[in-house]
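Residue numbers begin at 1 in each chain, while the letters A, B, ... track the order of the sequences.
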Amino acid sequence: MHWHKCETQKNTMQPKEGDCMLTSTFIHLPRVGEKTERRWWKMGINSWRNWLKAYDMGWFAKFQLRSKWRKLIERSIAELENGNASFFAELLPRQEYWRCYREFKGRTVFLDIETTGRSPWDYITVVGIYDGHRYTPFVHNHNLNKCIEALHDKAIIVTFYGSAFDLPFLRRSFPNIYFPPIHIDLCYLLKRLGYKGDLKAIERQLGIRRDKEIVGLSVMDAVQLWMRYKHGNDVNALRLLIKYNRADVVNLKPLMDFAYHEMARRVRGVS
DNA sequence: TACGTTCTTCACATGAGCGG
DNA sequence: CCGCTCATGTGAAGAACGTA
């Protein structure tokens, strides 16, 4: 019962703030759900390697599934090392994809699109992609289809309401587009944390600021900007539209960071 | 071994809400 | 306003665990 103290410095047994959620995740094992996972955490089993140690000490001797679990945990360690996000995408329930965020942060993209509207005949005007360091706009009739390459080899894609809007729209425009295996839709993640409303409303609630130039810009204004560029050759309108899109995309990152920590806190229980 | 309990999983229906 | 998803709730089934 004291082996866990060798592994971690403190006697707090549950995964701590700052721990990586994915490597302390067990709900991707068969017949392991929220309850079982939490029970293991309480016993001090707060990482895959910890679990294997417990296994070697005969901790799970009475469980029929122990060898299946062991294989999957060893596999999890290997697949994470190989950066195989699909492995986790297949085994984790969708609403738990957020757990992968920290481990795959280096291969995460934030995405938001602008269109001429929401009807079937409307089309994409701008795809904005932010990789955590650099923002890149892809513009209709310029470099729009290059956005496909920007997604190549990424592990996680983060959007706001993208599962209902951005991704279906993109797939309609580019039937062969590749999407990273793990899609985190902040709209639903934040709603579980009690934050609902559109992106701008949530930004305000969390104190995320926008540039003066675009702070008053509404969605309809964004559609208008494209029209001013397309039919009036107004390059400044396009510039402003891109600036608007940039704000949308870049702000997804602090929101994701926030949601990750809040979800981690919640899932560990109030301790 | 036998039986009761706990937990996960699946299916289905309902309702909600945000995207331009 | 429409379309598209996801969350939530309920219930049932069954696997696995605990207990005696």
Side-chain angles (χ1 to χ4, degrees), chain A residues 25-43 59-70 72 89-98 110-128 137 139-140 144 157-173 179 182-205 214 217-230 237-238 240-242 244-249 251-252 255 259 263 266-267:
Chain A
T25 283
F26 298 102
I27 52 171
H28 61 312
L29 308 178
R31 305 212 66 77
V32 175
E34 198 186 320
K35 296 247 171 77
T36 308
E37 180 182 66
R38 189 164 299 187
R39 196 185 317 128
W40 287 353
W41 286 347
K42 287 224 173 83
M43 293 191 297
W59 201 271
F60 302 104
K62 62 184 172 182
F63 293 90
Q64 292 178 29
L65 290 171
R66 64 185 181 283
S67 55
K68 254 185 205 143
W69 287 341
R70 192 179 122 103
L72 268 173
E90 277 164 29
L91 290 184
L92 280 171
R94 247 200 286 274
Q95 70 266 28
E96 297 299 325
Y97 278 3
W98 63 270
F110 304 84
L111 175 143
D112 184 61
I113 69 175
E114 310 301 324
T115 73
T116 53
R118 290 175 300 190
S119 310
W121 55 82
D122 284 308
Y123 59 92
I124 298 176
T125 58
V126 179
V127 174
V139 180
H140 184 82
L144 188 60
I157 182 168
V158 179
T159 66
F160 190 90
Y161 208 59
S163 36
F165 185 74
D166 303 63
L167 299 200
F169 213 123
L170 271 167
R171 195 174 284 290
R172 235 185 305 137
S173 312
F179 288 128
I182 298 173
H183 173 217
I184 301 174
D185 193 327
L186 278 172
C187 177
Y188 300 107
L189 194 56
L190 288 165
K191 191 149 63 178
R192 284 163 72 192
L193 290 168
Y195 297 90
K196 56 180 180 176
D198 61 25
L199 182 62
K200 282 143 207 79
I202 295 179
E203 282 178 12
R204 272 197 304 276
Q205 286 180 63
I214 52 160
L217 242 53
S218 78
V219 194
M220 287 318 289
D221 293 328
V223 176
Q224 291 296 319
L225 285 173
W226 176 256
M227 292 309 165
R228 268 170 51 198
Y229 162 71
K230 179 103 189 292
L238 176 62
L240 199 54
L241 176 60
I242 288 173
Y244 175 82
N245 176 259
R246 176 202 293 266
D248 276 351
V249 184
N251 285 349
L252 292 179
L255 288 181
M263 285 305 295
R266 161 183 294 206
V267 89

Engineer: Under 4.0 Å between any heavy atoms, over every strand shown, what does G162(A) touch: base, sugar-phosphate, or nothing? Just pick one.
Structural biologist: nothing

Engineer: Any chance you could encode DNA chain C as dot-bracket? Rule is Watson-Crick or G-U wobble with both distances under 3.5 Å; [ ] for pairs crossing earlier ones, | for another strand.
Structural biologist: .|||||||||||||||||||

Engineer: Determine, stepwise, if the pair L252(A) / F160(A) fulfils side-chain contact (heavy atoms from CB on, under 4.5 Å).
Structural biologist: CA-CA 8 Å; L252(A) 292 179; F160(A) 190 90; 3.9 Å; yes

Engineer: Do F165(A) and T115(A) come within less than 4.5 Å of each other through their side chains, counting heavy atoms only?
Structural biologist: yes

Engineer: Along nucleotides 8-16 of chain C, 5' to 3', which nucleotides get a B, which get an S, and which get a -, given that the test is a protein heavy-atom distance under 4.0 Å?
Structural biologist: ------BBS

Engineer: Categorize F160(A) for me: base, sugar-phosphate, or nothing, with a 4.0 angstrom heavy-atom threshold over every strand shown.
Structural biologist: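 Sugar-phosphate contact only - F160(A) comes under 4.0 Å of backbone atoms but never of a base.
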
Engineer: Indicate, with a heavy-atom threshold strictly under 4.0 Å, whether R66(A) touches base, sugar-phosphate, or nothing.
Structural biologist: nothing

Engineer: Measuring from the side chain of Y188(A) (C-beta onward, heavy atoms only), which nucleotide among dT5(C), dC17(C), dC18(B) has the closest atom?
Structural biologist: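 So the nucleotide nearest the side chain must be dT5(C).
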
Engineer: Roughly, in whole Å, what's the span from NE2 in H183(A) to C1' in dC4(C)?
Structural biologist: 13 Å

Engineer: What is the separation between atom CD1 on I113(A) and atom P on dG20(B), rounded to the nearest whole Å?
Structural biologist: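 The answer, rounded to whole Å, is 8 Å.
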
Engineer: How would you list, by chain and number, every residue that makes a side chain to side chain donor-acceptor pair (under 3.5 Å) with H183(A), sequence neighbours excluded?
Structural biologist: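 T159(A).
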
Engineer: So is R172(A) actually on top of F169(A)'s ring, under 6.0 Å and inside 45° of the axis?
Structural biologist: yes

Engineer: Is the closest side-chain donor-acceptor distance between Q224(A) and W226(A) under 3.5 Å?
Structural biologist: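 Judged by distance alone, the side chains do not pair up.
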
Engineer: Please state whether the phosphate of dT8(B), meaning OP1 or OP2, lies under 4.0 angstrom from any side-chain nitrogen or oxygen of T36(A).
Structural biologist: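 Yes, within the criterion.
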
Engineer: My understanding is that only residues two or more places apart in sequence, or in another chain, count here; which of them pass side chain to side chain donor-acceptor pair (under 3.5 Å) with Y195(A)?
Structural biologist: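 In terms of side chain to side chain donor-acceptor pair (under 3.5 Å), with neighbours along the sequence ignored, Y195(A) is linked to no residue.
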
Engineer: Considering only heavy atoms, which members of residues 219-226 of chain A lie under 4.0 Å from some atom of DNA chain B?
Structural biologist: V219(A), V223(A)

Engineer: If we only count heavy atoms from C-beta on, is the L29(A) to E37(A) side-chain gap below 4.5 Å?
Structural biologist: no

Engineer: Under 6.0 Å between ring centres, would you say that holds for F60(A) and W40(A)?
Structural biologist: yes

Engineer: Output the rounded distance in Å from NZ (K62(A)) to C1' (dT6(B)).
Structural biologist: 13 Å

Engineer: With side chains defined as the heavy atoms from C-beta onward, is the minimum distance between L92(A) and W98(A) less than 4.5 Å?
Structural biologist: no

Engineer: Could you state the atom-to-atom distance from CG of L217(A) to C1' of dG19(B) in whole Å?
Structural biologist: 16 Å

Engineer: So, using side chain to side chain donor-acceptor pair (under 3.5 Å) as the criterion, who are the partners of R70(A) when residues are at least two apart?
Structural biologist: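 Once residues adjacent in sequence are excluded, the partners of R70(A) under the side chain to side chain donor-acceptor pair (under 3.5 Å) criterion are E74(A).
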
Engineer: Are S163(A) and D185(A) close enough that a side-chain donor and a side-chain acceptor fall under 3.5 Å?
Structural biologist: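 D185(A) and S163(A) do have a side-chain donor-acceptor pair below 3.5 Å.
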
Engineer: How long is the line joining CG of L170(A) and C1' of dC4(C), in whole Å?
Structural biologist: 15 Å

Engineer: Got a donor-acceptor pair under 3.5 Å from the side chain of R118(A) to the base of dC1(C)?
Structural biologist: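 Indeed, a donor on one side and an acceptor on the other fall under 3.5 Å apart.
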
Engineer: Quick check: do T36(A) and F26(A) have side-chain heavy atoms less than 4.5 Å from each other?
Structural biologist: no

Engineer: Want to settle it: does T125(A) or A164(A) sit nearer the 5' end of DNA chain B, counting the closest nucleotide to each?
Structural biologist: A164(A)

Engineer: With respect to the side chain of P168(A), which nucleotide from dC17(C), dC4(C), dC6(C) is positioned closest?
Structural biologist: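 Comparing dC17(C), dC4(C), dC6(C) against the side chain of P168(A), the answer is dC4(C).
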
Engineer: Taking CG from D112(A) and C1' from dC18(B), how many angstroms apart are they, rounded to a whole number?
Structural biologist: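 Atom-to-atom, D112(A) to dC18(B), this comes out as 12 Å.
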
Engineer: Please report the distance, rounded to the nearest Å, between CZ in F165(A) and C1' in dT5(C).
Structural biologist: 14 Å

Engineer: Check the distance between dG20(B)'s P and R172(A)'s CZ and give it to me in whole angstrom.
Structural biologist: 14 Å

